[in-house]
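Note that the structure is a prediction, hence the values are computed from the model and not measured. Counting convention: from 1, in listed order, for ligands and their atoms alike.
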Amino acid sequence: MTTAGGDSVTLRFRGEEHAFPLVEGTEGELAIDIKDLRSRTGLITLDPGFANTGSCNSAITFIDGEKGILRYRGYPIDVLARHSSFLEVAWLLIHGELPSRDELDGFIDRVTHHTMLHQDFGRFFSALPKAAHPMPVCAAAVGALATFYQEPESEQKVQESIVRLIAKMPTIAAYSYKHSLGQPNMFPRNHLDYSSNFLRMMFATPCAEYEIDPVVAKTLDMLLVLHADHEQNCSTSTVRMVGSSKANLFASISSGISALWGSLHGGANQKVIVMLEQIAAEDGSADRFLQRAKDKDDTTRLMGFGHRVYKNYDPRAAILKEACSEVISRLGASSELLEIAMRLEEIVLADEYFIERRLYPNVDFYSGVIYKAIGFPVDMFTVLFAMGRLPGWIAQWLEMRRDPAFRIGRPRQVYTGATERGYDSKVGLRSAGAQV
Ligand code: CMC
């Protein structure tokens, strides 16, 4: 970040002028540095949804939403999706550079040898209702890791926590599924790679092995890569906010999983499939959904469309769309949902409402079609998103903690409630019939 060529922005307020410097990112993005705004003017900014607010400097992920560009640490997402493994990308996000062969082998080895959960975790899962959605189960389980690893967070301990989190997340995710089925948990196997191990823990039982299809494992790994970071989205900002109080890594990530669960964020991937299945049940016509999504008096949204940052095709959706046909034909799965999705996309991209608002398919639109073809239950879709996003959350949490400008996150507000009122101690409670 540099100061932009001596430029500044001037604010005129009550007859006085206040100049605020501009800062420029490495890709030319400009921002007004307002950290002295309140101390100099008494003013604060109001920005619902933080649509115009940069909360931090970050060197991890770059998005150009107008052009549909996404890069991790400078590397284009399509290149990483094609050539890198998820653990390689995790290292890249966390450490800032691609690993050397030795670094990657060492990292894979450490992750592989931390995949088991403490035996007492069995009691944790059995205490939860079988019908529980796996997202709150995962959030609770990741939070519970903080009860097993309570040492003060030295740099070395943080690195151990990072390995443990990445290693145990697939185990936690698979156990949350097994718990819902009432099936025994499958222990991780150290000879398998990250994604194959997860597939086996999900789908094998003690009575029947699961045959791992290398193409499916590779596709899953690529899906994790595509989800690995996305700069200051809702869940990542949550992880940063919680971490800014110096809450530990497990607690911070647990809060990110909770934030991701919402249907406007990661939870959309589950809702997309529900929507496509409903369209299929209605003779494949998307008319009803489109009308409802466009109706101002209806809160329905077309799930998997639109993005705060992308005003162009989400590059992740483009990669996934291509992968869908490959996986479906490889697995011989039904292509009905993919066909409906592609038809829907065609209609939407030609519709004035969506054109005007620049609403394109996002990452959640096609991911569920692949998950479903692989055999994942719909409830697990957002968990898969969380598994993928984990290294991004970790990298952002670390970056925040090491930032020389580190401060606890504490936004202000414009208060709109009652001004001071008297309290009648004889009456106390509000008298019946009084206005609220
Ligand atoms: N269907 C219908 N209308 C939409 C949609 C949609 N999916 N998305 C946005 N709009 C309309 C919205 O009603 C508004 O119209 P108007 O200007 O007439 O009031 C306009 O487009 C701008 O929308 P917004 O709500 O101001 O946009 P936002 O940046 O606050 O919200 C979003 C972004 C992703 C929450 C939203 O597009 C949405 O709800 N999409 C559906 C849910 C979804 O797919 N979420 C996944 C996001 S990508 C992955 C992730 O982050 O997890």
Peer 1: Can you tell which part of Leu264 has a heavy atom less than 4.0 Å from ligand 1: side chain, backbone, both or neither?
Peer 2: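 The answer is both.
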
Peer 1: Would you mind finding which of Val272, Asn233, Leu302, Thr382 brings a heavy atom closest to atom 1 (N) of ligand 1?
Peer 2: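 Comparing heavy atoms across Val272, Asn233, Leu302, Thr382, the nearest one to atom 1 (N) of ligand 1 lies in Leu302.
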
Peer 1: N/O to N/O below 3.5 Å, does that happen between Ser263 and ligand 1?
Peer 2: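 Among all N and O atoms of Ser263, none is under 3.5 Å from an N or O of ligand 1.
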
Peer 1: When you compare the side chain of Thr300 with that of Asp295, does any pair of heavy atoms fall below 4.5 Å?
Peer 2: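 No - every pair of side-chain heavy atoms lies 4.5 Å or more apart.
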
Peer 1: Judging by distance only, is a nitrogen or oxygen of Phe354 under 3.5 angstrom from one on ligand 1?
Peer 2: no

Peer 1: Assign the ring pair Phe203 / Tyr177 to parallel, tilted or perpendicular, where the plane angle (0 to 90°) is split at 30° and 60°.
Peer 2: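 Ring orientation, 0 to 90° scale: perpendicular.
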
Peer 1: Which protein non-hydrogen atom lies closest to atom 49 (C) of ligand 1, naming both residue and atom, and how far is it?
Peer 2: Asp364 OD2, 3.3 Å

Peer 1: Could you list which atoms of ligand 1 come closer than 4.0 Å to a heavy atom of Phe385?
Peer 2: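 Ligand 1 atoms under the 4.0 Å threshold to Phe385: 52 (O).
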
Peer 1: Answer yes or no: does an N/O atom from Arg357 fall short of 3.5 Å to an N/O atom of ligand 1?
Peer 2: yes

Peer 1: Checking a contact table here: which protein heavy atom is nearest atom 42 (C) of ligand 1, and how many Å away?
Peer 2: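 Of every protein heavy atom, Met303 CE, 3.6 Å lies nearest to atom 42 (C) of ligand 1.
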
Peer 1: Are any of the N or O atoms of Phe305 closer than 3.5 Å to those of ligand 1?
Peer 2: yes

Peer 1: Out of His265, Arg301, Arg389, Arg316, who is nearest to atom 31 (O) of ligand 1 when you count heavy atoms only?
Peer 2: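 When every heavy atom of His265, Arg301, Arg389, Arg316 is considered, Arg301 comes closest to atom 31 (O) of ligand 1.
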
Peer 1: So which protein heavy atom does atom 34 (C) of ligand 1 come closest to, and at what separation?
Peer 2: Gly306 O, 3.6 Å

Peer 1: I need the atoms of ligand 1 closer than 4.0 Å to a non-hydrogen atom of Gly266, numbered in the order shown.
Peer 2: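 Per the distance check, 52 (O).
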
Peer 1: For atom 10 (N) of ligand 1, what is the closest protein heavy atom, and at what distance to 0.1 Å?
Peer 2: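 For this ligand atom, the closest protein heavy atom is Leu359 CD1, 3.6 Å.
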
Peer 1: Run down the list Met275, His227, His307 and name the one with the heavy atom closest to atom 48 (S) of ligand 1.
Peer 2: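 Selected option, by shortest heavy-atom distance: His307.
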
Peer 1: For ligand 1 and Gly304, I'd like to know whether there is a polar contact (N/O to N/O, distance under 3.5 Å).
Peer 2: yes

Peer 1: State the atoms of ligand 1, each with its element, that fall below the 4.0 Å cut-off from a heavy-atom position in Val363.
Peer 2: 49 (C)

Peer 1: Under 4.0 Å and counting heavy atoms only, is there anything from the protein next to atom 45 (N) of ligand 1?
Peer 2: yes

Peer 1: Determine, considering heavy atoms only, which of Lys311, Arg308, Arg292, Lys296 sits nearest to atom 19 (O) of ligand 1.
Peer 2: Lys296

Peer 1: Against Gln396, only a single residue in His230, Gln232, Glu231 fulfils side-chain hydrogen bond (donor to acceptor under 3.5 Å, both in side chains); can you say which?
Peer 2: Gln232

Peer 1: Does atom 12 (C) of ligand 1 have a protein non-hydrogen atom under 4.0 Å from it?
Peer 2: yes

Peer 1: Is the Tyr371 ring parallel, tilted or perpendicular to the Phe381 ring (thresholds 30°, 60°)?
Peer 2: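 Correct class here is tilted.
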
Peer 1: Name all pairs fulfilling the side-chain hydrogen bond (donor to acceptor under 3.5 Å, both in side chains) condition that reach into residues 160-170, sequence neighbours left out, sorted by first residue then second.
Peer 2: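 Output for this query lists Gln156-Glu160, Lys157-Glu160.
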
Peer 1: Return the closest protein heavy atom for atom 43 (C) of ligand 1 as residue, atom name and distance.
Peer 2: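 Here the nearest protein heavy atom works out to Ala268 CB, 3.5 Å.
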
Peer 1: Can you check salt bridge (charged side-chain N to carboxylate O under 4.0 Å, His left out) on Lys294 and Asp351, steps first, answer last?
Peer 2: CA-CA 10 Å; Lys294 295 194 291 188; Asp351 188 297; 2.7 Å; yes

Peer 1: Quick one: does any side-chain atom of Asn197 pair with a main-chain N or O of Arg189 as donor and acceptor, under 3.5 Å?
Peer 2: yes

Peer 1: Tell me every residue that passes side chain to side chain contact (heavy atoms under 4.5 Å, CB included) with Phe148, counting only those two or more places apart in sequence or in another chain.
Peer 2: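 If we apply the side chain to side chain contact (heavy atoms under 4.5 Å, CB included) test to Phe148, skipping adjacent residues, the hits are His118, Asp120, Phe121.
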
Peer 1: Under 3.5 Å, is there a donor-acceptor pair between the Trp397 and Ser252 side chains?
Peer 2: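 Per modelled atom types, Trp397 and Ser252 side chains form a pair under 3.5 Å.
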
Peer 1: Over 60° means perpendicular and under 30° means parallel, so tell me whether Phe385 and His265 are parallel, tilted or perpendicular.
Peer 2: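 Judged by the thresholds at 30° and 60°, the geometry between Phe385 and His265 is perpendicular.
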
Peer 1: Is Gln150 reaching over with its side chain to a backbone N or O of Thr147, donor-acceptor style, under 3.5 angstrom?
Peer 2: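 Pair found, side chain donor or acceptor close to backbone of Thr147.
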
Peer 1: Can a donor-acceptor pair be found, under 3.5 Å and without considering hydrogens, that links the side chain of Tyr360 to the backbone of His307?
Peer 2: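 A pair under 3.5 Å: no.
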
Peer 1: Would you mind telling me if ligand 1 is within reach of the side chain of Phe365, the backbone, both or neither, using heavy atoms under 4.0 Å?
Peer 2: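 Neither part.
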
Peer 1: Hey, does Leu384 have a side-chain heavy atom less than 4.5 Å from the side chain of Leu220?
Peer 2: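 They are in side-chain contact.
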
Peer 1: Return a yes/no value for Tyr353: is any of its N or O atoms, backbone included, closer than 3.5 angstrom to an N or O of ligand 1?
Peer 2: yes

